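Notes to accompany the following structure.
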Number of protein chains: 2
Amino acid sequence: MFGFRDIEIIRAIVRHGGFRAASDATGLAQSAISRRVRHLEDRMKISIFERDGRGVRLTAAGRRLVDEAEILVTQRDRILGELTQGVMAGVVRLGVAETMTHTILPRMLTDLRTRHPQLRFEISVDTSSQISQLLIDDGLDVAIMMRDQLPRGISMTPLPSVTLGWFAASSHFRLPRPAGIDDLAALPIVSFPKGTLPHRQVVNLLSPGRKTAAAIHGSASLATVLHLVRQGFGIGTIPHDIAAAWPHTGLEEIEVLPEARLPDLDFSICYMPERNDEIGREVTRAAVEAGADRSDNEINTAHN
Amino acid sequence: MFGFRDIEIIRAIVRHGGFRAASDATGLAQSAISRRVRHLEDRMKISIFERDGRGVRLTAAGRRLVDEAEILVTQRDRILGELTQGVMAGVVRLGVAETMTHTILPRMLTDLRTRHPQLRFEISVDTSSQISQLLIDDGLDVAIMMRDQLPRGISMTPLPSVTLGWFAASSHFRLPRPAGIDDLAALPIVSFPKGTLPHRQVVNLLSPGRKTAAAIHGSASLATVLHLVRQGFGIGTIPHDIAAAWPHTGLEEIEVLPEARLPDLDFSICYMPERNDEIGREVTRAAVEAGADRSDNEINTAHN
DNA sequence: CTCGATATCACGGAAGCCAAACATGCTACG
DNA sequence: CGTAGCATGTTTGGCTTCCGTGATATCGAG
């Protein structure tokens, strides 16, 4: 086995041409170098230097060792520098609700990548409650989710609200304009997965005092929801942003009465300042700016 | 600063979920782990674990450290394994005379690469005397050169002789067939660089008792020699193999009298067994086999 | 209070420093 | 030509500092 110190010392010996010169270069006593090298050779059972009266030269094995191990020292120093000099690097574990992956996430990641090329992201897409739990358990560094149950000590920054609409595939269903709650409840509905806040909101909106419970299907995958709605499986509750992002899928917003309107979704970007103050702040900044961009974009898409 | 041991210990703590468990896993005492981690944190001025009554968890900085440094341990173990288990790896410093780069070298390297994918080559092309000196000074591991002055203790394996011919660009010079020494000496000659054995041989062949010294130009680059001869700058002394390798350059061998024939070049593959026994043997084997192939090839090209 | 965890304290061994010994090549002188 | 002296470099022996062990103190949660 060999350590970083061994490599540094061997490198110094090679570079300066001997134990003596290496001792000056490293600040170690020359005797320490001698004994260290011998000990290392004994441990690894290879000879690293060929000695004779007037100095030492690398053996073939020694040269191989230096060539290969040099890079380790370099990398160690790089890691150390990045860690202590506050360079933003490493892996950021990011949890997002799926809706966000289609809106602010791409812009946010682009922003972060240009500012901090060393950062790597590991993105989990899940329901807000799952993400919330992961954040609490230190399974995530930053989360973008709906405020569910908020643990204490968390930092939470609101993002622009996401507005929902009722959508249907063009000409699959015949509905009055505007449609009322009863009209909607009579049809199969594809919505957010069971257990999530928007799912509960849809249930609450449609259920009270109705004879037969509305057929509400949940899907954790927005792509699946879009697909099902497009195929005429039912009508769907879909964020306006998402629908606008696929303008040619044949989806059409259903005009509804005010009482049938769906509440907005309030997303927040959250992190634990105790654990991830620096990264959390920076990701939050990027998310807020991406959200601001998104507003512009919303206006643009409204023009379409 | 951190060492391999630090990383291994931190990894053990993370994997087994605490100092206590890590102490069982690593065989160290629990107190040693505690103190080591604290010292490390002090030295690096970052906090790696977040402690409370019921255990420890990685901080963000700690996770970054583990993520980035894990690979260092892996690489260290790989290097150690390769060194001690006698895998042929590392960089082989190879010195060759230029003639050889066009004959056995490509086949030899292909052979070695397929048998030892871990090997890397660093190839120097120079005159035989330079290469010889480099080999003596441990600037090369293996050399392919003409035997010049041979240091003692060297291993030398002869390779097939290289035959030389006089070449000229078609129809640039008018010579009797066969040409004699005087005919050749009257023309500008492009040959091997001054100071090399074949250059001396050309000089010796042409100079004795002549009124005006023959105009012998030297070039260390075979490509340059070929170019000059092709352009009609003069006639050249070129290995048959090389000329055969460029069959469409308009070069034509000059038919000469026996007394004007050039001596063969005797190349050998050399290494210092004291320093590079294992690699030297293997490269020698590959060179000899490539030389055998070359003989076949010579016959083939003679058919063209 | 008890349990399960980490932190701390006194003591032995490896790794480091200092000084002196040892090996080798070079030079100059008899 | 042989050899003493010197210059240069490595190895070897005493003495201190840091790392690992074992037992004990301390702390937080249930």
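Since the structure is predicted, the reported quantities are computational estimates derived from the model, not experimental observations. A note on names: the letters A, B, ... follow the listed sequences, proteins ahead of strands, and every chain is numbered from 1. Computed over heavy atoms, backbone and side chain alike; hydrogens, waters and symmetry mates excluded.
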Contact summary for A287(B) and I269(B), nearest pair of heavy atoms: CB-CD1, 3.5 Å
Quick check for you: among [options], whose closest atom lies nearest to any side-chain atom of [X]?
{"X": "R36(A)", "options": "dT10(D), dG16(C), dG20(D)", "value": "dG16(C)"}
{"X": "S34(A)", "options": "dT11(D), dT10(D), dC17(C)", "value": "dT11(D)"}
{"X": "S31(A)", "options": "dT6(C), dT8(C), dC18(C)", "value": "dC18(C)"}
{"X": "R51(B)", "options": "dC19(D), dA7(C), dT11(D)", "value": "dA7(C)"}

Pair of N/O donor and acceptor under 3.5 Å linking dG20(D) base with R35(B) side chain: yes
Assess whether one donor atom and one acceptor atom, taken from the side chain of Q30(B) and the base of dA7(C), lie less than 3.5 Å apart. yes
Steps toward salt bridge (Lys or Arg N to Asp or Glu O under 4.0 Å) verdict (R76(A), E8(A)): CA-CA 12 Å; R76(A) 194 263 303 257; E8(A) 288 170 342; 2.7 Å; yes
Measure the distance from [atom1] on [X] to [atom2] on [N] and round it to the nearest whole Å.
{"X": "F49(B)", "N": "dA7(C)", "atom1": "CZ", "atom2": "C1'", "value": "15 Å"}
{"X": "H16(B)", "N": "dG4(C)", "atom1": "NE2", "atom2": "P", "value": "19 Å"}
{"X": "D42(A)", "N": "dA15(C)", "atom1": "CG", "atom2": "C1'", "value": "15 Å"}
{"X": "R20(B)", "N": "dC27(D)", "atom1": "CZ", "atom2": "P", "value": "19 Å"}
{"X": "L40(B)", "N": "dT6(C)", "atom1": "CG", "atom2": "C1'", "value": "17 Å"}
{"X": "I9(B)", "N": "dG20(D)", "atom1": "CD1", "atom2": "C1'", "value": "10 Å"}
{"X": "D52(B)", "N": "dG4(C)", "atom1": "CG", "atom2": "C1'", "value": "12 Å"}
{"X": "F19(B)", "N": "dA25(D)", "atom1": "CZ", "atom2": "P", "value": "21 Å"}

Which is true for [X] with a 4.0 Å heavy-atom rule: it touches a base, it touches only sugar-phosphate, or it touches nothing?
{"X": "A32(A)", "result": "sugar-phosphate"}
{"X": "G27(A)", "result": "sugar-phosphate"}
{"X": "L28(A)", "result": "sugar-phosphate"}

Do the side chain of S268(B) and the main chain of C270(B) share a donor and acceptor less than 3.5 angstrom apart? no
Do the side chain of T74(A) and the main chain of E70(A) share a donor and acceptor less than 3.5 angstrom apart? yes
Check this for me: does any side-chain nitrogen of one of R38(B) and D42(B) sit under 4.0 Å from a carboxylate oxygen of the other? no
